[in-house]
2 protein chains.
Amino acid sequence: MKLILDRDLCFFDIEATGLNVVRDRIVQIAIIKYFKDGREPQELSLMINPGIPISLEAILVHGIQPKDVANKPTFQQLAQKIWDFIGNADLAGYNSNRFDIPMLMEEFARVGMEFDVTKRRSIDVQRIFYKMEPRTLKAALKFYCEKEHEDAHDAMADVRATIDVFKGQLDKYEGVDYLDEDGVRVEAPIKNDVQVLHEFTNDNRFVDATQKLRADVNGDIVFNFGKYVGKPVGETLYEDRQYYNWILNKEFTSQVKQMVKKLVREYEKGLKAKEKENGNNE
Amino acid sequence: MKLILDRDLCFFDIEATGLNVVRDRIVQIAIIKYFKDGREPQELSLMINPGIPISLEAILVHGIQPKDVANKPTFQQLAQKIWDFIGNADLAGYNSNRFDIPMLMEEFARVGMEFDVTKRRSIDVQRIFYKMEPRTLKAALKFYCEKEHEDAHDAMADVRATIDVFKGQLDKYEGVDYLDEDGVRVEAPIKNDVQVLHEFTNDNRFVDATQKLRADVNGDIVFNFGKYVGKPVGETLYEDRQYYNWILNKEFTSQVKQMVKKLVREYEKGLKAKEKENGNNE
DNA sequence: TCATCG
(Lines give C-alpha, C1' and ligand atoms only; values in the text may rest on other atoms or scores of the structure.)
Protein backbone atom coordinates (compact mmCIF):
# COMPACT_ATOMS: atom_id res chain seq x y z
CA MET A 1 0.00 0.00 0.00
CA LYS A 2 1.77 3.12 -1.25
CA LEU A 3 0.46 6.52 -0.22
CA ILE A 4 -0.31 8.88 -3.08
CA LEU A 5 0.72 12.38 -2.00
CA ASP A 6 0.79 15.80 -3.60
CA ARG A 7 2.41 17.20 -0.48
CA ASP A 8 4.46 15.71 2.38
CA LEU A 9 2.39 14.06 5.10
CA CYS A 10 3.35 13.83 8.80
CA PHE A 11 1.79 11.12 10.92
CA PHE A 12 2.37 12.09 14.52
CA ASP A 13 1.47 11.26 18.08
CA ILE A 14 1.84 13.07 21.37
CA GLU A 15 2.10 11.85 24.95
CA ALA A 16 1.26 14.58 27.43
CA THR A 17 0.88 15.58 31.08
CA GLY A 18 -2.88 15.14 30.78
CA LEU A 19 -5.86 15.45 28.46
CA ASN A 20 -6.56 19.19 28.54
CA VAL A 21 -5.23 20.66 25.30
CA VAL A 22 -4.84 24.13 26.81
CA ARG A 23 -3.52 23.39 30.28
CA ASP A 24 -1.50 20.24 29.64
CA ARG A 25 1.89 19.95 27.92
CA ILE A 26 3.72 17.55 25.64
CA VAL A 27 6.20 15.09 27.19
CA GLN A 28 6.87 13.06 24.05
CA ILE A 29 6.28 13.57 20.35
CA ALA A 30 6.91 11.15 17.52
CA ILE A 31 6.57 12.01 13.84
CA ILE A 32 6.92 9.93 10.70
CA LYS A 33 7.12 12.03 7.57
CA TYR A 34 6.08 10.65 4.20
CA PHE A 35 7.41 12.55 1.20
CA LYS A 36 5.47 13.37 -1.90
CA ASP A 37 8.42 12.20 -4.02
CA GLY A 38 8.04 8.72 -2.55
CA ARG A 39 11.47 8.47 -0.89
CA GLU A 40 11.93 6.60 2.39
CA PRO A 41 9.90 8.15 5.27
CA GLN A 42 11.86 10.05 7.90
CA GLU A 43 11.34 9.81 11.66
CA LEU A 44 11.64 12.17 14.59
CA SER A 45 11.12 11.20 18.22
CA LEU A 46 11.65 13.60 21.12
CA MET A 47 11.24 13.54 24.87
CA ILE A 48 10.28 16.94 26.26
CA ASN A 49 10.47 18.47 29.72
CA PRO A 50 6.93 19.83 30.15
CA GLY A 51 7.79 22.28 32.92
CA ILE A 52 4.62 21.29 34.78
CA PRO A 53 3.72 18.15 36.78
CA ILE A 54 2.64 15.01 34.93
CA SER A 55 -0.77 13.87 36.14
CA LEU A 56 -0.94 10.47 37.75
CA GLU A 57 -3.52 9.30 35.21
CA ALA A 58 -1.17 10.25 32.38
CA ILE A 59 1.77 8.42 33.98
CA LEU A 60 -0.41 5.33 34.28
CA VAL A 61 -1.19 5.58 30.56
CA HIS A 62 2.22 6.26 29.00
CA GLY A 63 4.62 5.39 31.82
CA ILE A 64 6.65 8.58 31.36
CA GLN A 65 7.63 9.87 34.78
CA PRO A 66 8.99 13.26 35.82
CA LYS A 67 12.49 11.81 36.22
CA ASP A 68 12.40 10.61 32.60
CA VAL A 69 12.03 14.15 31.26
CA ALA A 70 13.72 16.20 34.00
CA ASN A 71 16.92 16.54 31.96
CA LYS A 72 15.29 16.82 28.54
CA PRO A 73 14.95 20.07 26.59
CA THR A 74 11.78 22.15 26.92
CA PHE A 75 9.31 22.66 24.07
CA GLN A 76 10.72 26.17 23.68
CA GLN A 77 14.13 24.67 22.97
CA LEU A 78 12.77 22.09 20.52
CA ALA A 79 10.10 24.20 18.82
CA GLN A 80 12.20 25.25 15.82
CA LYS A 81 13.39 21.70 15.22
CA ILE A 82 9.81 20.35 15.23
CA TRP A 83 8.61 23.26 13.12
CA ASP A 84 11.28 22.64 10.49
CA PHE A 85 10.77 18.89 10.49
CA ILE A 86 7.06 19.27 9.80
CA GLY A 87 7.57 22.05 7.29
CA ASN A 88 4.45 22.64 5.26
CA ALA A 89 3.36 19.00 5.43
CA ASP A 90 -0.21 17.82 5.86
CA LEU A 91 -0.95 16.09 9.17
CA ALA A 92 -2.37 12.75 10.24
CA GLY A 93 -2.92 10.98 13.54
CA TYR A 94 -5.32 8.99 15.67
CA ASN A 95 -7.84 11.35 17.26
CA SER A 96 -5.51 14.12 16.12
CA ASN A 97 -8.31 16.56 15.25
CA ARG A 98 -9.35 16.77 18.88
CA PHE A 99 -6.11 16.17 20.69
CA ASP A 100 -2.68 16.11 19.04
CA ILE A 101 -3.16 18.98 16.59
CA PRO A 102 -4.73 21.48 19.01
CA MET A 103 -2.22 20.62 21.73
CA LEU A 104 0.70 21.10 19.35
CA MET A 105 -0.82 24.43 18.28
CA GLU A 106 -1.00 25.49 21.94
CA GLU A 107 2.64 24.63 22.53
CA PHE A 108 3.71 26.64 19.48
CA ALA A 109 1.45 29.56 20.48
CA ARG A 110 3.04 29.67 23.96
CA VAL A 111 6.47 30.22 22.40
CA GLY A 112 5.13 32.84 20.02
CA MET A 113 4.97 30.70 16.89
CA GLU A 114 1.69 30.58 15.00
CA PHE A 115 1.29 27.06 13.62
CA ASP A 116 -1.18 27.69 10.84
CA VAL A 117 -3.51 24.74 10.26
CA THR A 118 -5.87 26.55 7.90
CA LYS A 119 -3.28 26.03 5.16
CA ARG A 120 -2.81 22.32 5.84
CA ARG A 121 -5.02 19.33 5.44
CA SER A 122 -5.35 16.71 8.12
CA ILE A 123 -6.51 13.12 8.28
CA ASP A 124 -7.91 11.79 11.52
CA VAL A 125 -7.66 8.01 11.30
CA GLN A 126 -10.01 7.56 14.26
CA ARG A 127 -12.73 9.49 12.43
CA ILE A 128 -12.53 7.03 9.54
CA PHE A 129 -13.00 4.19 12.05
CA TYR A 130 -15.97 5.94 13.70
CA LYS A 131 -17.70 6.86 10.46
CA MET A 132 -17.18 3.60 8.60
CA GLU A 133 -18.05 1.36 11.56
CA PRO A 134 -21.21 2.87 13.08
CA ARG A 135 -22.80 1.40 16.21
CA THR A 136 -26.45 1.68 15.39
CA LEU A 137 -28.90 -1.02 16.45
CA LYS A 138 -28.62 -2.43 12.94
CA ALA A 139 -24.83 -2.65 13.24
CA ALA A 140 -25.17 -4.20 16.70
CA LEU A 141 -27.49 -6.92 15.40
CA LYS A 142 -25.01 -7.76 12.69
CA PHE A 143 -22.08 -7.71 15.09
CA TYR A 144 -23.59 -9.84 17.86
CA CYS A 145 -26.04 -12.03 15.96
CA GLU A 146 -24.79 -12.00 12.38
CA LYS A 147 -28.32 -11.03 11.36
CA GLU A 148 -29.61 -8.33 9.04
CA HIS A 149 -32.09 -5.98 10.73
CA GLU A 150 -34.82 -6.11 8.10
CA ASP A 151 -37.60 -4.00 9.54
CA ALA A 152 -35.46 -1.33 11.20
CA HIS A 153 -37.35 1.55 12.86
CA ASP A 154 -40.55 -0.28 13.35
CA ALA A 155 -40.78 -0.04 17.12
CA MET A 156 -41.58 -3.72 17.77
CA ALA A 157 -38.92 -4.93 15.32
CA ASP A 158 -36.41 -2.69 17.08
CA VAL A 159 -37.35 -4.08 20.49
CA ARG A 160 -36.87 -7.62 19.19
CA ALA A 161 -33.52 -6.68 17.71
CA THR A 162 -32.52 -5.07 21.02
CA ILE A 163 -33.35 -8.27 22.89
CA ASP A 164 -31.39 -10.35 20.37
CA VAL A 165 -28.41 -8.05 20.75
CA PHE A 166 -28.67 -8.17 24.53
CA LYS A 167 -28.75 -11.97 24.59
CA GLY A 168 -25.83 -12.01 22.15
CA GLN A 169 -23.90 -9.78 24.53
CA LEU A 170 -24.60 -11.97 27.55
CA ASP A 171 -23.26 -14.84 25.49
CA LYS A 172 -20.24 -13.17 23.96
CA TYR A 173 -19.00 -11.49 27.11
CA GLU A 174 -19.35 -14.39 29.51
CA GLY A 175 -16.09 -14.36 31.43
CA VAL A 176 -14.70 -11.43 29.38
CA ASP A 177 -13.00 -8.64 31.35
CA TYR A 178 -13.55 -4.94 30.78
CA LEU A 179 -10.78 -2.36 30.68
CA ASP A 180 -12.15 0.94 31.93
CA GLU A 181 -11.09 4.35 30.67
CA ASP A 182 -8.22 4.47 33.17
CA GLY A 183 -6.99 1.09 32.00
CA VAL A 184 -8.23 -0.64 35.14
CA ARG A 185 -9.36 -4.22 34.54
CA VAL A 186 -12.88 -5.06 35.69
CA GLU A 187 -13.41 -8.79 35.90
CA ALA A 188 -16.25 -10.15 33.75
CA PRO A 189 -18.76 -7.31 34.27
CA ILE A 190 -21.38 -8.67 31.88
CA LYS A 191 -23.55 -11.02 33.88
CA ASN A 192 -27.12 -12.26 33.54
CA ASP A 193 -28.04 -9.92 36.42
CA VAL A 194 -30.08 -6.73 36.05
CA GLN A 195 -28.51 -4.96 39.02
CA VAL A 196 -25.00 -5.57 37.71
CA LEU A 197 -25.89 -4.41 34.20
CA HIS A 198 -27.78 -1.40 35.53
CA GLU A 199 -24.63 -0.27 37.29
CA PHE A 200 -22.47 -1.06 34.27
CA THR A 201 -24.59 0.90 31.81
CA ASN A 202 -25.49 3.88 33.98
CA ASP A 203 -22.59 6.27 34.22
CA ASN A 204 -22.85 7.41 37.81
CA ARG A 205 -20.91 10.56 37.01
CA PHE A 206 -23.91 11.87 35.12
CA VAL A 207 -27.14 11.67 37.01
CA ASP A 208 -29.57 12.84 34.33
CA ALA A 209 -29.98 11.85 30.71
CA THR A 210 -29.24 15.29 29.29
CA GLN A 211 -26.15 15.59 31.49
CA LYS A 212 -27.23 18.91 32.93
CA LEU A 213 -26.39 17.63 36.41
CA ARG A 214 -23.54 15.43 37.54
CA ALA A 215 -21.93 14.03 40.67
CA ASP A 216 -18.66 15.64 41.71
CA VAL A 217 -15.74 13.78 43.33
CA ASN A 218 -17.48 13.87 46.72
CA GLY A 219 -20.67 12.46 45.24
CA ASP A 220 -22.51 15.78 45.58
CA ILE A 221 -24.88 16.62 42.74
CA VAL A 222 -23.57 19.75 41.00
CA PHE A 223 -24.51 21.83 37.97
CA ASN A 224 -22.94 20.81 34.68
CA PHE A 225 -24.12 23.95 32.88
CA GLY A 226 -24.59 27.69 33.23
CA LYS A 227 -23.30 30.21 35.70
CA TYR A 228 -23.20 27.79 38.63
CA VAL A 229 -21.31 25.00 36.86
CA GLY A 230 -19.59 22.80 39.47
CA LYS A 231 -21.62 24.26 42.37
CA PRO A 232 -23.89 22.06 44.49
CA VAL A 233 -27.47 22.18 43.21
CA GLY A 234 -29.38 21.98 46.49
CA GLU A 235 -27.56 24.74 48.36
CA THR A 236 -27.21 27.02 45.34
CA LEU A 237 -30.89 26.92 44.38
CA TYR A 238 -32.00 27.27 48.00
CA GLU A 239 -30.11 30.56 48.03
CA ASP A 240 -31.02 31.70 44.51
CA ARG A 241 -34.78 31.15 44.26
CA GLN A 242 -34.98 33.15 41.05
CA TYR A 243 -32.65 30.72 39.29
CA TYR A 244 -34.62 27.84 40.79
CA ASN A 245 -37.86 29.14 39.28
CA TRP A 246 -36.13 29.87 36.01
CA ILE A 247 -35.05 26.23 35.74
CA LEU A 248 -38.51 24.89 36.58
CA ASN A 249 -40.03 27.05 33.85
CA LYS A 250 -37.37 26.53 31.24
CA GLU A 251 -36.99 23.73 28.76
CA PHE A 252 -35.26 21.19 30.96
CA THR A 253 -36.34 17.57 31.11
CA SER A 254 -38.80 16.56 33.78
CA GLN A 255 -36.02 14.35 35.10
CA VAL A 256 -33.88 17.43 35.78
CA LYS A 257 -36.81 19.31 37.33
CA GLN A 258 -37.66 16.32 39.54
CA MET A 259 -34.08 16.09 40.76
CA VAL A 260 -33.73 19.82 41.31
CA LYS A 261 -36.88 19.95 43.42
CA LYS A 262 -35.75 16.95 45.41
CA LEU A 263 -32.26 18.34 46.03
CA VAL A 264 -33.55 21.70 47.26
CA ARG A 265 -36.08 19.94 49.48
CA GLU A 266 -33.36 17.75 50.94
CA TYR A 267 -31.01 20.68 51.50
CA GLU A 268 -33.77 22.57 53.27
CA LYS A 269 -34.51 19.56 55.45
CA GLY A 270 -30.85 19.19 56.35
CA LEU A 271 -30.69 22.87 57.25
CA LYS A 272 -33.73 22.65 59.53
CA ALA A 273 -32.36 19.53 61.21
CA LYS A 274 -29.14 21.40 61.93
CA GLU A 275 -30.97 24.46 63.27
CA LYS A 276 -32.99 22.28 65.58
CA GLU A 277 -29.85 20.53 66.80
CA ASN A 278 -28.19 23.87 67.50
CA GLY A 279 -31.29 25.01 69.33
CA ASN A 280 -31.21 21.89 71.50
CA ASN A 281 -27.54 22.41 72.28
CA GLU A 282 -27.98 25.95 73.53
CA MET B 1 -30.42 -17.83 26.85
CA LYS B 2 -32.87 -17.34 29.71
CA LEU B 3 -32.96 -14.02 31.53
CA ILE B 4 -32.55 -14.25 35.29
CA LEU B 5 -34.84 -11.65 36.87
CA ASP B 6 -35.75 -10.62 40.40
CA ARG B 7 -38.25 -8.14 38.98
CA ASP B 8 -40.12 -7.83 35.68
CA LEU B 9 -38.12 -6.25 32.86
CA CYS B 10 -39.55 -4.17 29.99
CA PHE B 11 -37.55 -3.84 26.79
CA PHE B 12 -39.02 -0.94 24.87
CA ASP B 13 -38.51 1.33 21.90
CA ILE B 14 -40.04 4.60 20.82
CA GLU B 15 -40.51 6.21 17.43
CA ALA B 16 -41.07 9.94 17.70
CA THR B 17 -41.70 13.23 15.89
CA GLY B 18 -37.99 14.07 16.22
CA LEU B 19 -34.93 13.77 18.45
CA ASN B 20 -35.55 16.39 21.11
CA VAL B 21 -36.68 14.58 24.26
CA VAL B 22 -38.46 17.68 25.59
CA ARG B 23 -40.05 19.15 22.48
CA ASP B 24 -40.76 16.02 20.45
CA ARG B 25 -43.51 13.44 21.04
CA ILE B 26 -44.01 9.71 20.76
CA VAL B 27 -45.78 8.36 17.64
CA GLN B 28 -45.18 4.67 18.34
CA ILE B 29 -44.16 2.64 21.37
CA ALA B 30 -43.44 -1.07 21.56
CA ILE B 31 -42.80 -2.95 24.78
CA ILE B 32 -41.88 -6.56 25.48
CA LYS B 33 -42.25 -7.46 29.12
CA TYR B 34 -40.25 -10.32 30.66
CA PHE B 35 -41.61 -11.66 33.93
CA LYS B 36 -39.57 -12.62 36.92
CA ASP B 37 -41.55 -15.85 37.22
CA GLY B 38 -40.30 -16.89 33.78
CA ARG B 39 -43.69 -17.09 32.06
CA GLU B 40 -44.04 -16.18 28.37
CA PRO B 41 -43.15 -12.49 27.68
CA GLN B 42 -46.05 -10.15 26.94
CA GLU B 43 -46.12 -7.53 24.18
CA LEU B 44 -47.68 -4.10 23.77
CA SER B 45 -47.50 -2.02 20.61
CA LEU B 46 -49.29 1.30 20.20
CA MET B 47 -49.54 4.00 17.57
CA ILE B 48 -50.01 7.44 19.11
CA ASN B 49 -51.30 10.73 17.75
CA PRO B 50 -48.54 13.13 18.83
CA GLY B 51 -50.64 16.29 18.53
CA ILE B 52 -47.70 18.07 16.88
CA PRO B 53 -46.20 17.80 13.39
CA ILE B 54 -43.83 14.92 12.60
CA SER B 55 -40.53 16.26 11.34
CA LEU B 56 -39.59 15.29 7.82
CA GLU B 57 -36.32 13.75 9.01
CA ALA B 58 -38.26 11.55 11.42
CA ILE B 59 -40.70 10.43 8.72
CA LEU B 60 -37.73 9.50 6.55
CA VAL B 61 -36.41 7.36 9.42
CA HIS B 62 -39.49 5.49 10.60
CA GLY B 63 -41.93 6.04 7.77
CA ILE B 64 -44.79 6.98 10.10
CA GLN B 65 -46.76 9.80 8.50
CA PRO B 66 -49.30 12.19 10.02
CA LYS B 67 -52.15 10.32 8.30
CA ASP B 68 -51.02 7.07 9.98
CA VAL B 69 -51.60 8.52 13.45
CA ALA B 70 -54.32 11.11 12.79
CA ASN B 71 -57.04 8.78 14.07
CA LYS B 72 -55.00 7.17 16.85
CA PRO B 73 -55.43 8.00 20.55
CA THR B 74 -53.22 10.65 22.13
CA PHE B 75 -50.63 9.87 24.79
CA GLN B 76 -53.02 11.32 27.34
CA GLN B 77 -55.57 8.68 26.40
CA LEU B 78 -53.04 5.84 26.46
CA ALA B 79 -50.96 6.93 29.44
CA GLN B 80 -52.73 4.78 32.02
CA LYS B 81 -52.55 1.70 29.81
CA ILE B 82 -48.79 2.13 29.27
CA TRP B 83 -48.28 2.91 32.95
CA ASP B 84 -50.11 -0.22 34.04
CA PHE B 85 -48.39 -2.42 31.46
CA ILE B 86 -44.95 -1.35 32.65
CA GLY B 87 -45.93 -1.52 36.29
CA ASN B 88 -42.89 -1.45 38.53
CA ALA B 89 -40.70 -3.24 35.99
CA ASP B 90 -37.09 -2.44 35.28
CA LEU B 91 -36.37 -0.95 31.84
CA ALA B 92 -34.11 -1.81 28.92
CA GLY B 93 -33.54 -0.45 25.44
CA TYR B 94 -30.99 0.65 22.87
CA ASN B 95 -29.69 4.12 23.77
CA SER B 96 -32.64 4.23 26.15
CA ASN B 97 -30.72 6.13 28.84
CA ARG B 98 -30.41 9.13 26.58
CA PHE B 99 -33.52 8.86 24.47
CA ASP B 100 -36.41 6.50 25.15
CA ILE B 101 -36.53 6.78 28.93
CA PRO B 102 -36.30 10.58 29.19
CA MET B 103 -38.81 11.03 26.36
CA LEU B 104 -41.27 8.67 28.01
CA MET B 105 -40.80 10.56 31.28
CA GLU B 106 -41.61 13.81 29.50
CA GLU B 107 -44.80 12.39 28.05
CA PHE B 108 -45.94 11.18 31.46
CA ALA B 109 -44.98 14.50 33.08
CA ARG B 110 -47.11 16.40 30.53
CA VAL B 111 -50.19 14.48 31.58
CA GLY B 112 -49.39 14.96 35.26
CA MET B 113 -48.00 11.49 35.97
CA GLU B 114 -44.59 11.27 37.60
CA PHE B 115 -42.85 8.25 36.15
CA ASP B 116 -40.27 7.58 38.85
CA VAL B 117 -37.05 6.12 37.46
CA THR B 118 -35.07 6.46 40.66
CA LYS B 119 -36.84 3.34 41.92
CA ARG B 120 -36.18 1.28 38.80
CA ARG B 121 -33.06 -0.10 37.27
CA SER B 122 -32.31 0.24 33.57
CA ILE B 123 -30.08 -1.53 31.09
CA ASP B 124 -28.87 0.39 28.06
CA VAL B 125 -27.80 -2.24 25.55
CA GLN B 126 -25.96 0.34 23.47
CA ARG B 127 -23.75 1.21 26.46
CA ILE B 128 -22.67 -2.42 26.72
CA PHE B 129 -21.71 -2.30 23.02
CA TYR B 130 -19.76 0.96 23.47
CA LYS B 131 -17.95 -0.10 26.60
CA MET B 132 -17.07 -3.64 25.56
CA GLU B 133 -16.03 -2.70 22.03
CA PRO B 134 -13.93 0.44 22.45
CA ARG B 135 -12.42 2.22 19.48
CA THR B 136 -8.99 2.94 20.81
CA LEU B 137 -5.89 2.74 18.63
CA LYS B 138 -5.24 -0.68 20.10
CA ALA B 139 -8.71 -1.86 19.11
CA ALA B 140 -8.30 -0.34 15.65
CA LEU B 141 -5.03 -2.19 15.07
CA LYS B 142 -6.69 -5.44 15.99
CA PHE B 143 -9.75 -4.69 13.88
CA TYR B 144 -7.97 -3.58 10.70
CA CYS B 145 -4.68 -5.48 10.91
CA GLU B 146 -5.39 -8.41 13.23
CA LYS B 147 -2.33 -7.34 15.20
CA GLU B 148 -1.77 -6.81 18.90
CA HIS B 149 -0.52 -3.34 19.74
CA GLU B 150 2.36 -4.35 21.99
CA ASP B 151 4.01 -1.06 22.91
CA ALA B 152 0.86 1.08 23.22
CA HIS B 153 1.38 4.67 24.36
CA ASP B 154 4.95 4.89 23.31
CA ALA B 155 4.63 7.78 20.87
CA MET B 156 6.60 6.19 18.01
CA ALA B 157 4.87 2.82 18.42
CA ASP B 158 1.52 4.63 18.32
CA VAL B 159 2.47 6.47 15.12
CA ARG B 160 3.45 3.17 13.50
CA ALA B 161 0.18 1.60 14.62
CA THR B 162 -1.73 4.61 13.25
CA ILE B 163 -0.06 4.18 9.86
CA ASP B 164 -0.84 0.45 9.86
CA VAL B 165 -4.46 1.17 10.69
CA PHE B 166 -4.67 3.85 8.02
CA LYS B 167 -3.30 1.53 5.35
CA GLY B 168 -5.66 -1.17 6.54
CA GLN B 169 -8.55 1.26 6.14
CA LEU B 170 -7.53 2.23 2.60
CA ASP B 171 -7.52 -1.47 1.83
CA LYS B 172 -10.72 -2.49 3.60
CA TYR B 173 -12.87 0.36 2.35
CA GLU B 174 -11.85 0.35 -1.30
CA GLY B 175 -15.15 0.63 -3.14
CA VAL B 176 -17.17 0.60 0.11
CA ASP B 177 -19.96 3.17 0.39
CA TYR B 178 -20.69 5.29 3.44
CA LEU B 179 -24.15 6.00 4.83
CA ASP B 180 -24.17 9.44 6.41
CA GLU B 181 -26.18 10.45 9.46
CA ASP B 182 -29.20 11.27 7.31
CA GLY B 183 -28.99 7.86 5.65
CA VAL B 184 -27.67 9.32 2.41
CA ARG B 185 -25.30 7.00 0.57
CA VAL B 186 -21.87 8.43 -0.23
CA GLU B 187 -20.08 6.40 -2.86
CA ALA B 188 -16.71 4.98 -1.81
CA PRO B 189 -15.44 7.96 0.20
CA ILE B 190 -12.21 6.29 1.36
CA LYS B 191 -9.63 6.94 -1.32
CA ASN B 192 -5.84 7.11 -1.36
CA ASP B 193 -6.14 10.90 -1.62
CA VAL B 194 -5.32 13.32 1.20
CA GLN B 195 -7.75 15.99 0.06
CA VAL B 196 -10.66 13.53 0.00
CA LEU B 197 -9.79 12.10 3.42
CA HIS B 198 -9.25 15.55 4.88
CA GLU B 199 -12.78 16.45 3.90
CA PHE B 200 -14.14 13.12 5.11
CA THR B 201 -12.53 13.34 8.56
CA ASN B 202 -13.01 17.04 9.19
CA ASP B 203 -16.57 17.86 10.08
CA ASN B 204 -17.07 21.17 8.37
CA ARG B 205 -19.86 22.06 10.74
CA PHE B 206 -17.33 22.49 13.52
CA VAL B 207 -14.49 24.77 12.64
CA ASP B 208 -12.35 24.39 15.77
CA ALA B 209 -11.22 21.34 17.68
CA THR B 210 -12.96 22.24 20.92
CA GLN B 211 -16.21 22.96 19.06
CA LYS B 212 -16.55 26.42 20.54
CA LEU B 213 -17.29 27.80 17.08
CA ARG B 214 -19.27 26.30 14.25
CA ALA B 215 -20.65 27.11 10.82
CA ASP B 216 -24.39 27.75 10.62
CA VAL B 217 -26.63 26.76 7.70
CA ASN B 218 -25.46 29.80 5.70
CA GLY B 219 -21.83 28.92 6.31
CA ASP B 220 -21.34 31.86 8.71
CA ILE B 221 -19.10 31.16 11.70
CA VAL B 222 -21.21 31.44 14.85
CA PHE B 223 -20.71 30.89 18.57
CA ASN B 224 -21.40 27.42 19.88
CA PHE B 225 -21.19 28.51 23.55
CA GLY B 226 -22.14 31.24 25.98
CA LYS B 227 -24.54 34.11 25.78
CA TYR B 228 -24.13 34.65 22.04
CA VAL B 229 -24.67 31.03 20.97
CA GLY B 230 -25.80 30.94 17.34
CA LYS B 231 -24.80 34.58 16.69
CA PRO B 232 -22.16 35.46 14.07
CA VAL B 233 -18.74 35.82 15.69
CA GLY B 234 -17.27 38.64 13.58
CA GLU B 235 -20.18 41.08 13.87
CA THR B 236 -20.96 40.26 17.50
CA LEU B 237 -17.40 40.76 18.75
CA TYR B 238 -16.93 43.89 16.65
CA GLU B 239 -19.87 45.34 18.60
CA ASP B 240 -18.99 43.87 22.00
CA ARG B 241 -15.28 44.58 22.45
CA GLN B 242 -15.42 43.63 26.11
CA TYR B 243 -16.50 40.09 25.27
CA TYR B 244 -13.84 40.02 22.56
CA ASN B 245 -11.10 40.84 25.07
CA TRP B 246 -12.56 38.39 27.57
CA ILE B 247 -12.25 35.58 25.02
CA LEU B 248 -8.67 36.46 24.13
CA ASN B 249 -7.68 36.40 27.81
CA LYS B 250 -9.65 33.34 28.80
CA GLU B 251 -8.71 29.70 28.53
CA PHE B 252 -9.66 29.12 24.93
CA THR B 253 -7.39 27.31 22.50
CA SER B 254 -5.08 29.37 20.34
CA GLN B 255 -7.05 28.02 17.40
CA VAL B 256 -10.21 29.71 18.71
CA LYS B 257 -8.35 32.95 19.42
CA GLN B 258 -6.77 32.93 15.96
CA MET B 259 -10.16 32.46 14.33
CA VAL B 260 -11.87 35.07 16.48
CA LYS B 261 -9.27 37.69 15.62
CA LYS B 262 -9.47 36.84 11.95
CA LEU B 263 -13.28 36.99 11.89
CA VAL B 264 -13.43 40.39 13.58
CA ARG B 265 -10.73 41.70 11.23
CA GLU B 266 -12.67 40.47 8.22
CA TYR B 267 -15.94 41.91 9.47
CA GLU B 268 -14.26 45.28 10.02
CA LYS B 269 -12.81 45.18 6.53
CA GLY B 270 -16.19 44.36 5.01
CA LEU B 271 -17.76 47.22 6.91
CA LYS B 272 -15.18 49.74 5.69
CA ALA B 273 -15.55 48.53 2.11
CA LYS B 274 -19.29 49.09 2.36
CA GLU B 275 -18.88 52.57 3.85
CA LYS B 276 -16.53 53.51 1.08
CA GLU B 277 -18.98 52.23 -1.52
CA ASN B 278 -21.82 54.19 0.03
CA GLY B 279 -19.61 57.28 0.04
CA ASN B 280 -18.95 56.87 -3.65
CA ASN B 281 -22.61 56.47 -4.43
CA GLU B 282 -23.65 59.68 -2.74
C1' DT C 1 -16.79 12.93 24.89
C1' DC C 2 -18.58 10.65 20.57
C1' DA C 3 -22.28 8.84 18.30
C1' DT C 4 -26.93 7.49 18.43
C1' DC C 5 -31.63 7.98 19.37
C1' DG C 6 -36.21 10.01 15.72
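Bear in mind the structure is a predicted one, so any value in this text is a computation, not a measurement. Quick note on labels: first sequence line is chain A, next is B, and so on, each numbered from 1.
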> Given that A:H153 and A:K131 both sit by DNA chain C, which one's nearest nucleotide is further toward the 5' end?
Replying inline: A:K131
>> How many whole angstroms separate atom CD1 of B:I54 from atom P of C:dG6?
In response: 14 Å
> Taking CG from B:D180 and P from C:dG6, how many angstroms apart are they, rounded to a whole number?
Replying inline: 16 Å
> How long is the line joining CE of B:M103 and P of C:dC5, in whole Å?
Replying inline: 14 Å
> Rounded to whole angstroms, how far apart are CD on B:E107 and P on C:dC5?
Replying inline: 20 Å
> NA contact type, B:E57, heavy-atom cut-off 4.0 Å: base, sugar-phosphate, or nothing?
Replying inline: base
>> Looking only at the side chain of A:D158 (C-beta and beyond, no hydrogens), which of the listed nucleotides C:dG6, C:dT1, C:dC5 gets closest?
In response: C:dG6
> Pairs in or reaching into residues 162-171 of chain A: which pass salt bridge (charged side-chain N to carboxylate O under 4.0 Å, His left out), with residues at least two apart or in two chains?
Replying inline: A:K147-A:D164
> Tell me: CD1 of B:I101 to P of C:dT4, nearest whole Å?
Replying inline: 19 Å
> Pairs in or reaching into residues 9-23 of chain B: which pass salt bridge (charged side-chain N to carboxylate O under 4.0 Å, His left out), with residues at least two apart or in two chains?
Replying inline: A:E251-B:R23
> For A:R135 and C:dT1, what is the distance between atoms CZ and P respectively, to the nearest whole Å?
Replying inline: 17 Å
> With under 30° as parallel and over 60° as perpendicular, where do the rings of A:Y144 and B:F129 fit, or are they tilted in between?
Replying inline: perpendicular
> Looking across every strand, which nucleic acid part, if any, lies under 4.0 Å from B:R98 by heavy atom: base, sugar-phosphate, or nothing?
Replying inline: base
> Does A:F166 have any ring pair (Phe, Tyr, Trp, His ring centres under 6.0 Å) partners at least two apart in sequence or in another chain, and if so, which?
Replying inline: B:F11
> Within the structure shown, what part of the strands sits under 4.0 Å from A:L137 by heavy-atom distance: base, sugar-phosphate, or nothing?
Replying inline: sugar-phosphate
>> Among residues 12-26 of chain A, which ones have heavy-atom contacts with DNA chain C below 4.0 Å?
In response: none
> Atom NZ of A:K138 to atom C1' of C:dT4: distance rounded to whole Å?
Replying inline: 15 Å
> After noting the C-alpha distance and the side-chain angles of B:E114 and A:K257, does the key distance pass the salt bridge (Lys or Arg N to Asp or Glu O under 4.0 Å) rule?
Replying inline: CA-CA 11 Å; B:E114 191 169 307; A:K257 292 177 186 176; over 6 Å; no
>> If you only use heavy atoms from C-beta on, which nucleotide in C:dG6, C:dT1, C:dC5 is closest to the side chain of B:S55?
In response: C:dG6
> Considering residues at least two apart in sequence or located in another chain, which fulfil the ring pair (Phe, Tyr, Trp, His ring centres under 6.0 Å) criterion with A:F99?
Replying inline: none
>> Rounding to an integer number of Å, can you tell me how far A:L141 CG sits from C:dT4 C1'?
In response: 16 Å
> Which nucleotide in the list C:dT4, C:dG6, C:dT1 gets nearest to the side chain of B:A58?
Replying inline: C:dG6
>> If the condition is side chain to side chain donor-acceptor pair (under 3.5 Å), which residues does B:T162 pass it with, not counting sequence neighbours?
In response: none
